[in-house]
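Written below as structure tokens is the structure these notes are about.
Hydrogens, waters and symmetry mates are skipped; everything else that's a heavy atom, side chains included, is used. All of these numbers come straight from a predicted model, not from anything done at the bench. Each chain gets a letter, A, B and so on, in the order the sequences are listed, and its residues count up from 1.
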There are 2 protein chains.
Amino acid sequence: MPQKTNKISCEECTTTSCFVKRTNPEWLAKISEFKNQVVYPKGQYIFSEGSPVFGAYFIQSGDVKIVSSSFSGKQNIVRLAKAGHMMGHKGEAKENYPIGAVAINDARICFLNNELLYDAFLNNTHFTIDIMMFYSKELRKSEMRNKFFAQMTTDEKVAYAIVYAGEIVGEKNNKGKIMIMLSRQELAQIAGTNAEQVSRTISHMKNDGLLSLDGRCICIENLPGVYNLLSEYEQFI
Amino acid sequence: MPQKTNKISCEECTTTSCFVKRTNPEWLAKISEFKNQVVYPKGQYIFSEGSPVFGAYFIQSGDVKIVSSSFSGKQNIVRLAKAGHMMGHKGEAKENYPIGAVAINDARICFLNNELLYDAFLNNTHFTIDIMMFYSKELRKSEMRNKFFAQMTTDEKVAYAIVYAGEIVGEKNNKGKIMIMLSRQELAQIAGTNAEQVSRTISHMKNDGLLSLDGRCICIENLPGVYNLLSEYEQFI
DNA sequence: CGTGCTTTTGAATAGTATCAAGGCCGGTGG
DNA sequence: CCACCGGCCTTGATACTATTCAAAAGCACG
């Protein structure tokens with residue numbers, strides 16, 4: 001169950017990349033006062049598919065996966081998000097895309113309702129511009145992903161999913177190698193394929209010395225080697 | 001060759017959905033004075049892949065395709081844009097994604113350089129917010145496209161490409177039916193497949209009475225029928 | 001009326017999803 | 001501590017879809 005712990009105010013928050021930090025001191029205090037903050041344990045839904053969202057969520061700490069299911073039941077990971085990222089905000093209220101967000105590990109999330117958010121847009125130019133730039137960049141990334149996914153082989157898509165997951169939710173072990181603790185199923189949902197294919201690709205890459213396995217946990221032994229598989233697509237990694 | 005005709009000022013421009021219309025009168029006049037405006041004939045590159053872009057382009061009239069090639073030579077249509085849309089703007093200068101824009105028919109394009117644009121952002125809150133909302137919506141569309149393209153069959157992708165192209169660049173004939181004048185190759189570049197498959201799908205759809213052909217031009221005879229092929233994915237159409 | 005480009009259709013091939021079975025790991029309870 | 005159980009992972013065989021290759025037909029142009 002979501003926990004309400006002591007709220008971390010925006011003034012004391014150390015997530016420097018958070019967009020809220022771009023508001024002026026007066027507004028920082030105001031947002032800090034009116035925001036809602038909840039700690040979600042691993043696996044918990046922050047907001048679920050189908051239900052409308054009346055504001056925006058800012059990640060204070062932890063990792064989140066944004067998911068979307070087709071009506072045939074297939075779930076898909078649309079993107080991964082970490083501290084400083086923003087999610088759930090809708091351009092128009094009537095839009096009702098079935099998107100949900102799930103905590104990958106314990107995540108502290110701040111919620112701003114639409115009225116507060118819109119007031120903040122009107123009164124904090126740099127805040128608005130930064131969020132606009134964020135969307136612009138995410139759009140380009142998404143378009144590139146679109147384009148390359150239409151051309152990549154399954155092996156390449158899986159390699160991409162591993163690199164991408166490593167960037168956002170990877171943790172370094174004592175040797176400085178990136179460890180990924182997502183299931184094969186989750187990686188398949190990022191790569192747009194199925195768990196079996198992910199498993200096959202991982203086997204190939206293990207044989208090539210690019211990865212090693214520690215139980216079910218994936219360790220990237222040779223990161224440049226993995227990137228090399230994606231060299232044709234390097235512009236969007 | 002691009003033509004410099006009499007410049008249409010922002011005050012007299014009738015493209016009401018243009019974002020520039022959201023600036024205050026003082027800024028509308030200023031942008032109108034400093035913007036650059038060019039009419040590009042059909043097939044002409046507005047900006048090409050690889051070359052850096054130092055501002056943003058606003059479409060006053062006409063249709064544009066945003067393209068991107070992989071180094072293996074395959075060209076892909078990232079999105080279609082029409083009057084009122086914005087393109088070319090980059091979140092950060094260092095990003096250098098290989099994206100180009102080509103006029104599908106004669107198109108009048110206004111260019112604002114980065115300095116002018118950024119100044120306008122700082123001084124016109126509603127202008128900035130509207131562009132932010134535009135990106136937010138485009139991002140969602142792109143993510144949905146991503147997701148569904150991973151699940152669609154080729155026939156469904158082609159059906160999507162036809163519907164999408166009809167919306168942006170379709171023209172109604174005297175019977176009120178939508179006509180599309182893109183080549184099979186261009187439709188394939190939207191659908192993420194090849195011209196042969198597009199041709200096959202069109203044949204199927206023609207046999208089912210959904211389309212008819214007038215020379216190489218596609219006419220959508222039964223639009224609800226085509227939509228019906230995409231009923232599983234209706235959220236993002 | 002030919003020439004070159006696009007479109008259409010067919011056949012062969014390759015790649016991927018699906019189905020199925022066995023192995024591994026972690027957790028639970030005796 | 002060990003045995004069992006369930007879920008996840010791995011691997012193989014099969015079927016199918018889509019790409020590629022190839023060739024003929026249609027259309028636009030000089």
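We find that CD of A:E186 is positioned 17 Å from P of D:dG7, with the value rounded to whole Å. Going from atom CZ of B:F149 over to atom C1' of D:dA18 covers 15 Å, rounded to whole Å. Rounding to whole angstrom units, CE of residue A:M181 and C1' of D:dC9 are separated by 17 Å. Rounding to whole angstrom units, CG of residue B:D214 and P of D:dG26 are separated by 16 Å.
Not counting sequence neighbours, the partners of B:S61 by the side chain to side chain contact (heavy atoms under 4.5 Å, CB included) test are B:R108.
Considering B:V64, B:D63, B:I104, B:I66 as possible partners of B:L80, the one that fulfils the side chain to side chain contact (heavy atoms under 4.5 Å, CB included) test is B:I104. When each of A:M205, A:R184, A:K206 is tested with A:I218 by the rule side chain to side chain contact (heavy atoms under 4.5 Å, CB included), just one qualifies, namely A:R184.
One side chain, A:T201 or A:D155, offers a donor N or O that lies under 3.5 Å from an acceptor on the other.
Without hydrogens or angle criteria, B:E186 side chain to B:S183 main chain gives a donor-acceptor distance under 3.5 Å. Using modelled atom types, one side-chain atom of A:S231 and one backbone atom of A:N228 make a donor-acceptor pair closer than 3.5 Å.
The distance between the ring centers of B:F149 and B:Y160 falls below 6.0 angstrom.
Ionic pairing of B:R140 and B:E143 is not present here: no N-O contact between side-chain nitrogen and carboxylate oxygen is shorter than 4.0 angstrom.
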Q) If the sugar-phosphate is the primed atoms plus P, OP1 and OP2 and the base is the rest, what is the B/S/- string for nucleotides 6-17 of chain C, using protein heavy atoms under 4.0 Å? A) SSBBBB----SB
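For the helix from C:dC1-D:dG30 to C:dG30-D:dC1, the terminal axes (five pairs an end, C1' atoms, rotation from four pairs onto the next four) enclose an angle of 30°, given to 10 degrees.
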